[in-house]
Participant: 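Sharing a structure here in structure tokens format.
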Amino acid sequence: MPNKHIKVTVLGAAGGIGQPLSLLLKLNPHITELALYDVVNVPGVAADLHHIDTDVKISCFMRPENKEEENKPLQEAVKNSNFVIIPAGIPRKPGMTRGDLFNINASICAELATFIALNAPEATVLVISNPVNSTVAVFKEIFVKHGVFDAKKLFGVTALDHVRSNTFLSELIEGTLPNHYDIPVVGGHSGHSIVPLFSQSKGDVSLKILNDENILDALIHRVQYGGDEVVEAKQGKGSSTLSMAYAANKFFNIVLNGYLNLKITELASYIYLDNAIPGVTELKRDLKPLLDSQHLEMPEFLATPMTYGPDGVAAVNYSWVKAMNGKEREMFYIATDFINQNVEKGVSFVKA
Ligand code: NAI
């Protein structure tokens with residue numbers, strides 16, 4: 001096992017996602033220190049996790065009442081972090097879209113991004129707070145302002161869409177289990193911006209599903225709006241928390257394995273398409289004629305499959321662009337339009 005000090009900080013650690021995610025991270029043999037920060041309730045979560053007999057050291061930070069001391073805990077929490085994972089913010093209630101969360105969560109993200117820029121400028125940052133399509137743009141703008149932006153190290157966590165795709169597909173194909181599949185999901189992370197590429201599964205997807213328009217449409221809709229199933233079932237008491245914690249942990253482990261040079265795995269996440277990232281120029285080259293044909297702007301951010309290494313993104317996989325079938329291309333056009341609007345919202349928020 002590599003003997004490297006790894007500090008992971010969870011911002012929003014006392015929340016519905018933060019708690020189970022912190023539990024999963026406490027079980028991770030590669031983590032040295034797990035710093036938990038929240039504006040409420042975090043001492044109880046930390047005390048509880050502290051009793052678990054794994055080697056991960058728990059440290060706990062909460063915003064104090066005293067305004068003068070307000071900044072210290074957050075500074076200490078993020079200082080020297082290798083990874084900062086952010087499930088801070090408010091979740092959806094029935095009838096709400098992820099866009100409805102924008103104003104509150106964008107303010108929270110802007111504040112947290114500023115502290116990360118000042119205290120852990122080298123950290124790899126995983127953003128869970130919704131609406132991811134916009135909040136990641138908020139992070140980028142704040143990091144740019146502070147001169148610390150590195151596109152290889154800022155991720156919007158979209159892994160739940162991939163997890164749901166695998167699960168929902170396996171339910172439709174008798175005799176298969178979710179881990180039979182590895183569905184790439186591109187685009188963004190809300191409703192129609194989510195584009196599952198069932199035709200490009202690593203597990204063999206039955207042609208019966210791919211050729212039956214009704215079954216495929218229902219499956220795609222279920223992936224795009226799967227979060228609503230949980231929001232409705234919880235009846236106003238939260239959105240996806242356990243499955244999200246699982247998905248975030250799955251994604252984090254893939255990024256960590258790349259960081260530690262242990263294992264290379266491909267999984268999509270939502271990043272800024274910086275030409276310096278291997279594969280991005282080719283991705284844009286292949287996307288351009290498609291988008292031009294629809295008079296669509298090239299998205300600045302996109303969820304695309306990629307691999308991860310010691311410096312964050314290792315390389316973007318662009319082979320999916322040419323492999324998209326007609327239906328997937330149509331979905332991608334709709335997604336691009338949404339993403340461009342959502343990114344603009346995040347950018348304008350910071351500029352204003
Ligand atoms: P929650 O309300 O249970 O927890 C959020 C936590 O953030 C709370 O403990 C709250 O005190 C904390 N918080 C609020 N302001 C803060 C600040 N300034 N600094 C630090 N912590 C702060 O919400 P839940 O269910 O854990 O969801 C969190 C976020 O994750 C929501 O925005 C939700 O929409 C999003 N989400 C994202 C998913 C994805 O796939 N990326 C999936 C599901 C939810």
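In each ligand, atom 1 is the first atom listed, and ligand 1 is the first ligand listed. Sequential numbering from 1 along the given sequence is applied to the chain's residues. What's counted below: heavy atoms across the whole structure, side chains too, no hydrogens, waters or symmetry copies. Because the structure is predicted, anything quoted here is derived from the model rather than measured.
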Participant: Mind running side chain to side chain contact (heavy atoms under 4.5 Å, CB included) on Trp320 and Phe332 for me, showing each step along the way?
Facilitator: CA-CA 11 Å; Trp320 59 271; Phe332 187 77; 3.7 Å; yes
Participant: What residue and atom, counting heavy atoms only, is the protein's closest point to atom 40 (O) of ligand 1, and at what distance?
Facilitator: His189 NE2, 2.9 Å
Participant: Tell me, please: is Ser240 in heavy-atom contact with ligand 1, that is, under 4.0 Å?
Facilitator: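 Yes, Ser240 has a heavy atom closer than 4.0 Å to ligand 1.
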Participant: Looking at Glu330 and Lys327, is there a salt bridge between them, counting it only when a charged N and a carboxylate O are closer than 4.0 Å?
Facilitator: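 Judged by the 4.0 Å cut-off on N to carboxylate O distance, Lys327 and Glu330 do not form a salt bridge.
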Participant: Mind checking whether Asn80 and His5 have side chains closer than 4.5 Å, heavy atoms only?
Facilitator: no
Participant: Test your reading of the structure: does Gly89 have an N or O sitting under 3.5 Å from an N or O of ligand 1?
Facilitator: yes
Participant: Suppose I only count heavy atoms of Asn105 and a 4.0 Å limit; which atoms of ligand 1 are within that range?
Facilitator: 32 (O)
Participant: I'd like to check which ligand 1 atoms, numbered from 1 as shown, lie under 4.0 Å from a non-hydrogen atom of Arg63.
Facilitator: 18 (N)
Participant: Any chance the side chains of Ser293 and Arg329 put a donor and an acceptor closer than 3.5 Å?
Facilitator: no
Participant: Would you mind reporting whether Leu302 and Leu283 have side-chain heavy atoms less than 4.5 Å apart?
Facilitator: yes
Participant: Pick one of side chain, backbone, both or neither for how Asn130 approaches ligand 1, counting any non-hydrogen atom pair under 4.0 Å.
Facilitator: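 Near ligand 1, Asn130 shows its backbone as well as its side chain.
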Participant: Under 3.5 Å, is there a donor-acceptor pair linking the side chains of Thr176 and Tyr181?
Facilitator: yes
Participant: Pick from Thr135, Asn342, Asp161: which one makes a side chain to side chain donor-acceptor pair (under 3.5 Å) with His189?
Facilitator: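 Output: one option passes, namely Asp161.
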Participant: Should you measure from each heavy atom of Ile90, which atoms of ligand 1 turn up under 4.0 Å away?
Facilitator: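 Selected atoms, number and element: 31 (C), 32 (O), 34 (O).
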Participant: Would Thr241 count as a polar contact of ligand 1, with the cut-off being nitrogen or oxygen pairs under 3.5 Å?
Facilitator: no
Participant: Heavy-atom pairs closer than 4.0 Å: do any link ligand 1 to the side chain of Val157, the backbone, both, or neither?
Facilitator: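 Under 4.0 Å from ligand 1, Val157 contributes backbone atoms alone.
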Participant: Could you tell me whether Val132 and ligand 1 have an N or O pair separated by under 3.5 Å?
Facilitator: no
Participant: Can you find an N or O of Tyr37 that's nearer than 3.5 Å to an N or O of ligand 1?
Facilitator: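 Such a contact does not occur with ligand 1.
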Participant: Would you mind checking which non-hydrogen protein atom is closest to atom 9 (O) of ligand 1, with the distance to 0.1 Å?
Facilitator: Asp38 OD2, 2.7 Å
Participant: Given Ser193, which of Asn133, Thr158, Asp337 fulfils the side chain to side chain donor-acceptor pair (under 3.5 Å) condition?
Facilitator: Asn133
Participant: Which protein non-hydrogen atom lies closest to atom 4 (O) of ligand 1, naming both residue and atom, and how far is it?
Facilitator: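 For atom 4 (O) of ligand 1, the nearest protein heavy atom is Gly15 CA, 3.2 Å.
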Participant: Could you go step by step and tell me if Ser190 and Asn130 meet the side chain to side chain contact (heavy atoms under 4.5 Å, CB included) rule?
Facilitator: CA-CA 9 Å; Ser190 67; Asn130 269 321; over 6 Å; no
Participant: Is the distance from the ring center of His192 to that of Tyr225 below 6.0 Å?
Facilitator: yes
Participant: With atoms numbered from 1 as shown, which atoms in ligand 1 lie under 4.0 angstrom from a non-hydrogen atom of Glu111?
Facilitator: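 Those of ligand 1 that fall under 4.0 Å from Glu111 are 18 (N).
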Participant: Does any N or O atom in Ala88 lie less than 3.5 angstrom from one in ligand 1, N or O only?
Facilitator: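 Between Ala88 and ligand 1, no N or O pair is found under 3.5 Å apart.
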Participant: Could you list the atoms of ligand 1 found under 4.0 angstrom from a heavy atom of Gly16?
Facilitator: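 Those qualifying, in numeric order: 1 (P), 3 (O), 4 (O), 26 (O).
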Participant: Has ligand 1 got any nitrogen or oxygen that is less than 3.5 angstrom from a nitrogen or oxygen of Ser129?
Facilitator: no
Participant: Would you check if there is a donor-acceptor pair between the side chains of Ser59 and Lys7 at a distance under 3.5 Å?
Facilitator: no
Participant: Classify the contact between Ile108 and ligand 1 as side chain, backbone, both or neither, using a heavy-atom distance cut-off of under 4.0 Å.
Facilitator: side chain
Participant: Identify, for atom 42 (C) of ligand 1, the protein heavy atom at the shortest distance, and state residue, atom and that distance.
Facilitator: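 Nearest protein contact, heavy atoms only, for atom 42 (C) of ligand 1 is Met244 SD, 3.3 Å.
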Participant: Tell me the protein heavy atom at minimum distance from atom 29 (C) of ligand 1, and give that distance in Å.
Facilitator: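 Residue, atom and distance for the closest contact: Pro87 O, 3.8 Å.
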Participant: Can you check ring-ring contact (aromatic ring centres under 6.0 Å, His included) on Tyr308 and Phe155, steps first, answer last?
Facilitator: CA-CA 11 Å; Tyr308 306 85; Phe155 303 106; 5.5 Å; yes
Participant: Pull out every atom of ligand 1 sitting under 4.0 Å from any heavy atom of Val40, numbered as shown with elements.
Facilitator: 11 (O)
Participant: When you compare the side chain of Val280 with that of Val313, does any pair of heavy atoms fall below 4.5 Å?
Facilitator: no
Participant: Below 4.5 Å, heavy atoms only, C-beta onward: do Ile86 and Ile108 meet side chain to side chain?
Facilitator: no
Participant: Please state which protein non-hydrogen atom is closest to atom 30 (O) of ligand 1 and give its distance, to 0.1 Å?
Facilitator: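 Result for atom 30 (O) of ligand 1: Ile17 CD1, 3.3 Å.
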Participant: Got Asn340 and Thr336 here, is their nearest side-chain heavy-atom distance under 4.5 Å?
Facilitator: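 The answer is yes, as the side chains (C-beta and beyond) meet within the 4.5 Å cut-off.
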Participant: At what distance is the nearest protein heavy atom to atom 2 (O) of ligand 1, and which residue and atom is it?
Facilitator: Pro91 CD, 3.3 Å
Participant: With heavy atoms under 4.0 Å as the rule, classify the contact between Leu74 and ligand 1 as side chain, backbone, both or neither.
Facilitator: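 Neither part.
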Participant: Should the proximity of Leu101 to ligand 1, defined as any heavy atom under 4.0 Å, be assigned to the side chain, the backbone, both, or neither?
Facilitator: side chain
